[in-house]
Amino acid sequence: SPLRGGNFSLKDFEIGRPLGKGKFGSVYLARTRKGESHFFVAIKVLFKSQLISGGVEHQLEREIEIQSHLQHPNILRLFTYFWDEKKIYLVLEYAPGGEMYKQLTTMKRFPEAMTAKYMYEISDALTHCHMRNVIHRDIKPENLLIGVNGELKIGDFGWSVHAPSNKRQTMCGTMDYLPPEMVCGDSHTASVDLWAIGVLCYEMLVGKPPFEHDKQSETYAAIKEAKYRFPDYVSKGARDLISKLLVVDPSKRLTLTGVMRHPWVESMLEVNRRAKKEESERRAE
Ligand SMILES: CS(=O)(=O)NCc1cccc(-c2cn3c(Cl)cnc3c(Nc3ccc(N4CCOCC4)cc3)n2)c1
């Protein structure tokens, strides 16, 4: 990629439209100036002042350290970063499909085959992270993006840490994805990500997270007991997978390999493969 080497600065890019607004800054579509082939990137612009007042500068350092070293088709690349007097710029891979959050809001809920494909892809990405002793800790639709071929991309490592960790972090996002051990403040291991993909799987199939309640105290109580219900339309296979991830005892949760080899996931991936084959045969006619 034309982003080899270091010391880039804003002048190396043409800044395009804003893609979205975050807590600490915004994300812009951009493209490299050099060379004839315009290479699209997403540039996340963070204000130093806001990072300092938010007390998250160390978190950003960790995010940069971790995400710049992870290279996987389902993890958004962090190519490089640079700063000027007031801002820090992260040059990230552009995800043309946008946020999974928007896709889920638009579609209300995902078909089972689409959900299973995303579950396979996120488990593959987390296997890559856990092998490098990185826990993500903040898996939720808002942090997941969609690539050019509809593939899932983990897009934000702002909350990731090197395992094991008992770092108490002030939660400023939703707590729907918190596992019991984090709700109780106990130290936590990589299995927090397994709980989170259980919550994600439920939310993709149902359109809302399993422990959502009006009162935060009710959400806490439901999480601690892993108390949730399925709407009738959720298949037996999907219920089996989710019930093996939303387990209070972290050591008893299904492993990432177990998710990727789960009968429901495998059968749904077969459905995807057959649909793709039929589609390409139709195109070939
Ligand atoms: C905390 S934050 O600032 O990081 N999150 C706020 C936010 C909010 C919304 C989006 C995006 C976003 C980030 N992206 C990154 Cl990083 C790479 N590609 C995209 C990326 N790509 C993208 C691609 C296409 C679209 N379109 C497609 C056509 O319909 C309108 C939306 C939007 C975003 N979007 C980010």
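First listed ligand is number 1; within each ligand, the first listed atom is number 1.
In this structure, Leu76 counts as a contact residue of ligand 1, since one of its heavy atoms falls inside 4.0 Å of the ligand.
Between Lys86 and Asp84 there is no salt bridge, since no side-chain N of the basic residue sits under 4.0 Å from a carboxylate O of the acidic one. Under the 4.0 Å criterion applied to side-chain N and carboxylate O atoms, Glu278 and Arg282 are not assigned as salt-bridge partners. Between Asp240 and Lys244 there is a salt bridge, since at least one side-chain N of the basic residue sits less than 4.0 Å from a carboxylate O of the acidic one. Salt bridge status for Arg261 with Glu266: absent, with no side-chain N to carboxylate O gap under 4.0 Å. A salt bridge links Lys102 to Glu99: at least one charged side-chain nitrogen sits closer than 4.0 Å to a carboxylate oxygen.
Placement of Phe8 and Ile15 within a single hydrophobic cluster is found when ILVMFWY residues are connected by side-chain heavy-atom separations under 4.5 Å, directly or transitively.
Under 4.0 angstrom from ligand 1, there are no non-hydrogen atoms of Leu29. Contacts of Leu19 with ligand 1, taken as heavy-atom pairs under 4.0 Å, involve both backbone and side chain.
Remark: His262 NE2 to Ser267 OG distance equals 9.0 Å, nearest 0.5 Å.
For atom 9 (C) of ligand 1, the closest non-hydrogen atom on the protein side is Glu99 OE1, 3.2 Å. Counting only heavy atoms of the protein, atom 6 (C) of ligand 1 lies nearest to Lys21 O, 3.3 Å. Looking from atom 35 (C) of ligand 1 to the surrounding protein, the closest heavy atom is Val27 CG2, 4.0 Å. Among all non-hydrogen protein atoms, the one lying nearest atom 1 (C) of ligand 1 is Gly22 CA, 3.4 Å. Protein heavy atom in closest approach to atom 7 (C) of ligand 1: Gly20 CA, 3.7 Å. What sits closest to atom 25 (C) of ligand 1 on the protein, heavy atoms only, is Arg17 NH2, 3.6 Å. In terms of protein heavy-atom proximity, atom 33 (C) of ligand 1 is nearest to Gly98 CA, 3.6 Å. The closest protein non-hydrogen atom to atom 14 (N) of ligand 1 is Leu145 CD1, 3.8 Å.
Interface of Glu93 with ligand 1, defined as ligand atoms under 4.0 Å from a residue heavy atom, comprises 17 (C). Ligand-side atoms of ligand 1 in range of Leu92: 16 (Cl), range being under 4.0 angstrom from any heavy atom.
Atom 17 (C) of ligand 1 is flagged as protein-proximal [any protein heavy atom, distance under 4.0 Å]. For atom 28 (C) of ligand 1, no protein non-hydrogen atom is found at a distance below 4.0 Å. Within a 4.0 Å radius of atom 21 (N) of ligand 1, the protein has at least one heavy atom.
At distances below 3.5 Å, not a single donor-acceptor pair connects side-chain atoms of Ser191 with backbone N or O atoms of Leu194. Looking at Asn74, its side chain never comes within 3.5 Å of a backbone N or O of Ile122 through a donor-acceptor pair.
A cation-pi contact, defined as under 6.0 Å to the ring centre and within 45° of the axis, is absent between Arg31 and Tyr94.
In terms of N/O distances under 3.5 Å, ligand 1 is approached by Lys44. For Ala95, a nitrogen or oxygen atom sits less than 3.5 Å from a nitrogen or oxygen atom of ligand 1, counting backbone and side chain alike.
Of the candidates Pro96, Ser26, Gly155, Pro96 brings a heavy atom nearest to atom 24 (C) of ligand 1.
You'll find the ring centres of Tyr228 and Phe230 inside the 6.0 Å limit.
Between Trp195 and Phe211, the angle of the ring planes stays under 30°, which puts this pair in the parallel group of the 30/60° scheme.
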